[in-house]
Amino acid sequence: LVGNEQDKKKAQQMTEQSRSSNYSHNETGVFGGTRWRLTDWSPKGGNEDFRGKTFDFGRDGWVKTTTTHKDGRVTTDSENYRVVGNTLIVNRGDYLVNYKFNLQGNTLTVDTANHRAVLVRI
């Protein structure tokens, strides 16, 4: 619980700092400058309403998610991210998600209590 609160505080600080054009992010780990496509999505309850997703991890600590919905609409979202050990921490304002990850070559598996996803580097 304490660690999660510390992560939330750090994430809020990162969001505030990244609004400055002089901010340089150094916690992007192996993801900075990479692009991934979702190949397997396994929610642990319910269904999702999309056809596909791609994730562009910037070297600046921002990840841009492009979603193609079942109805053909395409939307993009941006979130802060950082890497600590084998945890990918993603946040935007009012939420923070810790993804345990396993990277093997060009295949990335992420897992939370709510879902598991497999992505390939593109």
Side-chain angles (χ1 to χ4, degrees):
L1 185 62
V2 171
N4 192 40
E5 288 304 313
Q6 289 173 339
D7 281 342
K8 286 182 182 178
K9 183 176 180 180
K10 173 87 173 180
Q12 182 61 36
Q13 289 171 342
M14 287 172 51
T15 299
E16 291 168 5
Q17 288 174 338
S18 67
R19 291 186 178 128
S20 165
S21 61
N22 296 326
Y23 179 66
S24 172
H25 197 280
N26 64 357
E27 294 182 314
T28 60
V30 298
F31 297 107
T34 64
R35 187 167 199 228
W36 302 83
R37 179 176 44 84
L38 182 68
T39 60
D40 181 42
W41 177 255
S42 302
K44 296 176 182 172
N47 295 321
E48 295 298 329
D49 68 342
F50 58 85
R51 270 194 245 161
K53 288 184 182 274
T54 59
F55 304 88
D56 292 289
F57 288 89
R59 296 184 193 284
D60 60 357
W62 285 89
V63 57
K64 181 176 85 172
T65 303
T66 303
T67 303
T68 302
H69 298 272
K70 287 183 180 179
D71 64 6
R73 288 179 302 117
V74 176
T75 58
T76 60
D77 292 299
S78 292
E79 301 162 300
N80 284 110
Y81 80 95
R82 67 187 179 107
V83 176
V84 177
N86 71 334
T87 303
L88 171 62
I89 303 167
V90 178
N91 76 288
R92 185 175 65 191
D94 61 343
Y95 67 87
L96 180 135
V97 181
N98 291 312
Y99 294 94
K100 293 295 182 191
F101 72 87
N102 181 15
L103 179 60
Q104 293 184 345
N106 288 325
T107 302
L108 171 65
T109 304
V110 296
D111 211 343
T112 71
N114 298 323
H115 59 272
R116 179 180 177 275
V118 178
L119 300 91
V120 294
R121 189 184 318 247
I122 51 177

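In what follows, every heavy atom counts, from backbone to side chain, and hydrogens, waters and symmetry copies are set aside.
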K.L.:
Which atoms form the tightest heavy-atom contact between Thr28 and Arg59, and what is the distance?
P.N.:
CG2-O, 3.6 Å
K.L.:
Before giving the answer on side chain to side chain donor-acceptor pair (under 3.5 Å), spell out for Thr67 and Lys53 the whole-Å C-alpha distance, their side-chain angles and the decisive distance to 0.1 Å.
P.N.:
CA-CA 5 Å; Thr67 303; Lys53 288 184 182 274; 3.0 Å; yes
K.L.:
How close do Gly85 and Phe101 get, counting heavy atoms only, and between which atoms?
P.N.:
O-CZ, 3.7 Å
K.L.:
Given side chains that start at C-beta, do those of Arg82 and Asn91 come closer than 4.5 Å, heavy atoms only?
P.N.:
no
K.L.:
Donor-acceptor pair, distance only, cut-off 3.5 Å: does the side chain of Thr112 make one with the backbone of His115?
P.N.:
yes
K.L.:
For the CG atom of Asp40 and the OG1 atom of Thr109, what is their distance to the nearest 0.5 Å?
P.N.:
8.5 Å
K.L.:
Would you give the length of the straight line joining atom OG1 of Thr107 to atom CG of Leu119, rounded to the nearest 0.5 angstrom?
P.N.:
9.5 Å
K.L.:
Please tell me if the side chains of Val74 and Thr66 come closer than 4.5 Å, counting only heavy atoms from C-beta onward.
P.N.:
yes
K.L.:
In Å, rounded to the nearest 0.5 Å, how long is the span from CD of Glu79 to CZ of Phe57?
P.N.:
9.0 Å
K.L.:
Do Ile89 and Glu27 make a side-chain contact, defined as non-hydrogen atoms from C-beta onward lying under 4.5 Å apart?
P.N.:
no
K.L.:
Within a strict 4.5 Å, meaning less than it, do heavy atoms of the Val110 and Trp36 side chains meet?
P.N.:
no
K.L.:
Evaluate ring pair (Phe, Tyr, Trp, His ring centres under 6.0 Å) for Phe55 paired with Tyr81, printing each intermediate quantity in order.
P.N.:
CA-CA 12 Å; Phe55 304 88; Tyr81 80 95; over 10 Å; no
K.L.:
Hey, are the side chains of Val90 and Tyr99 touching, using non-hydrogen atoms and a 4.5 Å cut-off?
P.N.:
yes
K.L.:
Under a 4.5 Å cut-off applied to non-hydrogen side-chain atoms, are Phe50 and Leu38 in contact?
P.N.:
yes
K.L.:
Atom OG1 of Thr39 and atom CG of Leu108: how far apart are they, to the nearest 0.5 Å?
P.N.:
9.5 Å
K.L.:
Say whether Val63 and Val30 are linked into one hydrophobic cluster, either directly or through other cluster members, by side-chain heavy-atom distances under 4.5 angstrom.
P.N.:
yes
K.L.:
Can Leu88 be reached from Val118 by stepping across I, L, V, M, F, W or Y side chains whose heavy atoms are under 4.5 Å apart?
P.N.:
no
